[in-house]
Amino acid sequence: MARTAVTFLGSGDAFNAGGRGHSCYLVEDALGACAVDFGPTALMALRRLGKNPAALDSVLVTHLHGDHFAGLPFLILDGIYRTPGRGPLTIAGPPGVEERVRSLAAACYRDILRDAVPFDLRFAEWTDNRPGEIAGRRVLPIPAFHQDLPERAYSIRLESGGATLAFTGDTGWSDELVPLAAGADLFVAECSLWQGGYDRHLGSANWQKLLPQLNCRIVASSHLGDDALAHRA
Ligand SMILES: [Zn+2]
């Protein structure tokens, strides 16, 4: 069984609560490296750890909120200007991901994607509950409860080097959380709130309900807001 390493590049909410970077996870395995989400602080986090951004073969985007994908223009910029010969990069995400990333990139650097970039930039869209292969890894996108249509949010189950990894993006309670984590080696779930008050994020009441039902090796909370951090003990 090949070894898989997961590094938290950030574990904060959209507001960088506690000085934490936006929630983002680096997965390294025998195939290479991918990231789950890529918010504005992700590239900085990679650099701080001495990781090569161009080593990322794919980014798996849970949903199109800025703290989860707005770092992508800088990753693309890095591939164009800082890493000649960069390998292919697949950006996979909810329906409309290519248009949103291209619009965002154009807002940041108007002409950056006007012409072909000097590496193979690909896009792929999630289909509800349909497993697909992204850069050689099996990925299962599971609908999350977080946004109104036409926006779609997902949790992700990822097979990497013999390990099963499960990540919520942002989500409120869903009965899909238990099967999402079933048998996983690592389950990362958001905990934006503590007392709650907003049903499209998880808080303490959800976690108390969820924990006894989980069947996985390691559970980690992430996307921590101020209130959750204040109660982390
Ligand atoms: Zn969100």
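If you read the sequence from its start, that first residue is 1, and numbering goes on from there. Atoms within each ligand, like the ligands themselves, are counted from 1 in listed order.
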Practice task
For the Zn ion (ligand 1), report each protein N, O or S atom nearer than 2.8 Å, sorted by chain and then by residue number.
Solution key: His63 NE2, His65 ND1, His146 NE2, Asp170 OD2
Exercise for the section: Verify the distance criterion only: is there a donor paired with an acceptor across the side chains of His146 and His65 at less than 3.5 Å? Expected result: yes
Exercise for the section: Taking all heavy atoms of Ser192 and all of Ala228, pick out the closest pair and write down the distance. Expected result: O-CB, 4.2 Å
Problem - Main-chain N/O of Leu202 paired with Glu190 side-chain donor or acceptor, under 3.5 Å - result: yes
Handout entry: Heavy atoms of other groups near Arg48 CZ, more than 12 under 6.0 Å
Key = no
Practice task
Taking all non-hydrogen atoms of both residues into account, name the closest pair between Pro73 and Ile112 and its distance.
Solution key: O-CD1, 4.1 Å
Practice task
For Ala144 and Thr171, work out which heavy atoms get closest and say how close.
Solution key: CB-OG1, 3.5 Å
